[in-house]
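These notes concern the structure reproduced below.
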Amino acid sequence: MSDEPAARIAEFIEPLRVAPGTRVDLGRDFDPGYRAGLRKREAEELLRTGVALLAEYQQRLAAQDTYGVLLCLQALDAGGKDGTIRHVMSGVNPQGVRVSSFKVPSDEELAHDYLWRYTRRLPERGEIAIFNRSHYEEVLVVRVHPENLVRQKLPGEARGPDVWERRYREINEWERHLTDSGFKVVKIFLNLSKEEQRTRFLKRIDLPEKNWKFSAADVRERRHWDEYQRAFSAMLSATSTAWAPWYVVPADRKWFARICTAAVLAHTLMDIDPRYPEVSEEARRDLLAARRELEREAPSGAPADPYAARHVRARDGRGAGPEPPDGGGHGGPAEGGKHGRPRRHGKRRGRG
Ligand code: AMP
Ligand code: MG
């Protein structure tokens, strides 16, 4: 099987990946308006291809039942997390996906260590879990508003000035443990500009059917924009690892954020390359015995195996049969992208 689509996807997302050990300055290094020279029309086509690809890989992941995937989505309010999940996962079997949204912690959650509530929502083998907000809130909102740390009732020795460095280390180690156990961790930061957030907030106020998405607290949070940008930069610098990388996805164009997210997830699944389990000789013998039994039950006049009969007729050009018994149409990954080499995402011209 050609690896070309996999290579093209890898090339497309490479400029978004934070190389481990890099010191990130979000405002300097990443442009929320970047779109790799793509136009919306092309991107919609690509997204359809990507969604079909994800469906196929998710099916194999579930059948193999060995690996799981955790996709963490972080963004500021109006960053597009909900819409991205809705579009990117639109073709995937809902039985194989669990989406968890993390809000202000409950009393029960605060009574445990800070990773407890995230641990409870991890994927099973064969599943894709999506965290809509994630354990990274513990070094973002908790850092920007330290009163959250007070509510966590930590003992004195766990509350020192090195608390954030400790959390980065603990999170990296936790993710390493998950990876070593067969759970791939991949993290996406939807990078929105301040002006685009203003526009989206106003849209939520202007359109009655969007009012529910807006809260006055969102504008209060926006006043802490610069502190959040610093917290994001520190988080990206400290927690993008070889085993659980961060991707900074430009989010000012929703369609571009969606295609990037689909590509990152597809890349992760292609890396796992899950396979349908092989049927053993013994299991194959059982299958053939079961077939003989079912064939003997054919009512008079009916073909012994209606499915095979239809398929053979279709092959002989005597009628349109269903797909071939091997499940046809899954010949491998679909086209990765029409665009050429993406421009380097990152360094803005004239700066840094
Ligand atoms: P939303 O995603 O708009 O429903 O909002 C969820 C809210 O919960 C956001 O304001 C988050 O900052 C907040 N939140 C999520 N996780 C935590 C946490 N660990 N500590 C405090 N607030 C949190
Ligand atoms: Mg909100």
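Ligands are counted one by one from 1 in listed order, and the atoms in each one are counted from 1 as well.
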Heavy-atom side-chain contact between Ile259 and Thr261 under 4.5 Å: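 Side chain of Ile259 against side chain of Thr261, heavy atoms only: no contact under 4.5 Å found.
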
Check ion pair Glu56-Arg60 (N to O, under 4.0 angstrom): yes

Ion pair check, Arg275 and Asp65, cut-off under 4.0 Å: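 Judged by the 4.0 Å cut-off on N to carboxylate O distance, Arg275 and Asp65 do not form a salt bridge.
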
Under 4.0 Å from ligand 1 - residues by heavy atom, chain and number: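 Within 4.0 Å of ligand 1, the protein residues are Asp77, Phe102, Lys103, Val104, Pro105, Arg117, Tyr118, Arg133, Glu137, Glu138, Val141, Val142, Asn148.
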
Parallel, tilted or perpendicular: ring planes of Trp116 versus His112, cut at 30 and 60 degrees: parallel

Centroid-centroid under 6.0 Å between Phe201 and Phe214 rings: yes

Hydrophobic cluster membership, Leu110 vs Leu115, 4.5 Å side-chain cutoff: no

